[in-house]
Amino acid sequence: MTTPENVPHTDVRSALDDISSVLRDEVVQDLARTENVRIERILSRGHVSPESGWYDQDEHEWVMVLQGAGRLQFANGDDVQLQPGDYITIPAHCRHRVSWTHPEQVTIWLAVFYR
């Protein structure tokens, strides 16, 4: 008998597809979601967090830059520059913000939020 757990899934997609070079706003898309894990693709082009805004999340976040570049600023004063292939784990409630993304190229972030 075939069950959903052992049926091959052939709906292959790419995190690098369907990317517009014109982004008025940052684009956040859920790629997968369960009760304990959320995987997002985030598209930025010159977008940053609001000057007064800090992310203070209940979940841990693992984030990787697939294309472009971005800079994260932490409330403790640390800055981290991320290039393609770079990733970082941000613990829950570690206050941070996006302080810069490449203004002439779409930055593709892959973010995994987990508890």
Arg95 (side chain) donor-acceptor with Asp56 (main chain) under 3.5 angstrom: no
Between atom CZ of Arg115 and atom CG of Asn36, what is the distance when rounded to the nearest 0.5 Å? 7.5 Å
Give a yes or no on whether the backbone of Thr101 and the side-chain of Ser44 come within a donor-acceptor separation of less than 3.5 Å. no
State, with a plain yes or no, whether a side-chain heavy atom of Gln105 is found less than 4.5 Å away from one of Gln67. yes
Which hydrophobic side chains are connected to Ile39, either touching it within the sub-4.5 Å cutoff or through other members that do? Leu16, Ile19, Leu23, Val27, Leu31, Val37, Leu43, Trp62, Met64, Leu66, Tyr87, Val106, Ile108, Leu110, Val112, Tyr114
With Glu26, which residues qualify under salt bridge (Lys or Arg N to Asp or Glu O under 4.0 Å), at least two apart? none
List the residues meeting side chain to side chain donor-acceptor pair (under 3.5 Å) with Asp78, not counting sequence neighbours, and say none if there are none. Asn76
Linked, directly or transitively: Trp109 and Val80 (ILVMFWY side chains, under 4.5 Å): yes
Residue pairs passing the salt bridge (charged side-chain N to carboxylate O under 4.0 Å, His left out) test where at least one lies in residues 97-114, sequence neighbours excluded: Glu51-Arg97
Asp25-His47 side chain donor-acceptor pair, cut-off 3.5 Å: no
Write down the atom of Gly68, the atom of Pro84, and the distance for their closest heavy-atom approach. O-CD, 3.1 Å
dist Asp79:CG -> Gln81:CD (nearest 0.5 Å) comes out at 9.0 Å
Checking one residue: Phe113. Which other hydrophobic residues are in its cluster under the side-chain 4.5 Å linking rule? none
Nonpolar side-chain network containing Val22, other nodes, edges under 4.5 Å: none
d(Gln57 CD, Cys94 SG) to nearest 0.5 Å is 9.5 Å
From CA spacing to verdict: side chain to side chain contact (heavy atoms under 4.5 Å, CB included), Glu59, Arg38: CA-CA 10 Å; Glu59 307 125 322; Arg38 183 174 79 253; 2.9 Å; yes
Common cluster, Phe74/Val63, ILVMFWY with side-chain heavy-atom separation under 4.5 Å: yes
Test log, rule side chain to side chain contact (heavy atoms under 4.5 Å, CB included), inputs Ser99 and Val48: CA-CA 5 Å; Ser99 60; Val48 298; 5.7 Å; no
Hey, is the main chain of Val98 close enough, under 3.5 Å, to the side chain of Ser49 for a donor-acceptor pair? yes
Would you name the heavy atoms of Glu61 and Ala111 that are closest together and state the gap between them? OE2-CB, 3.8 Å
Is it the case that one hydrophobic cluster holds both Trp54 and Leu72, taking links as side-chain heavy atoms less than 4.5 Å apart, direct or via other members? no
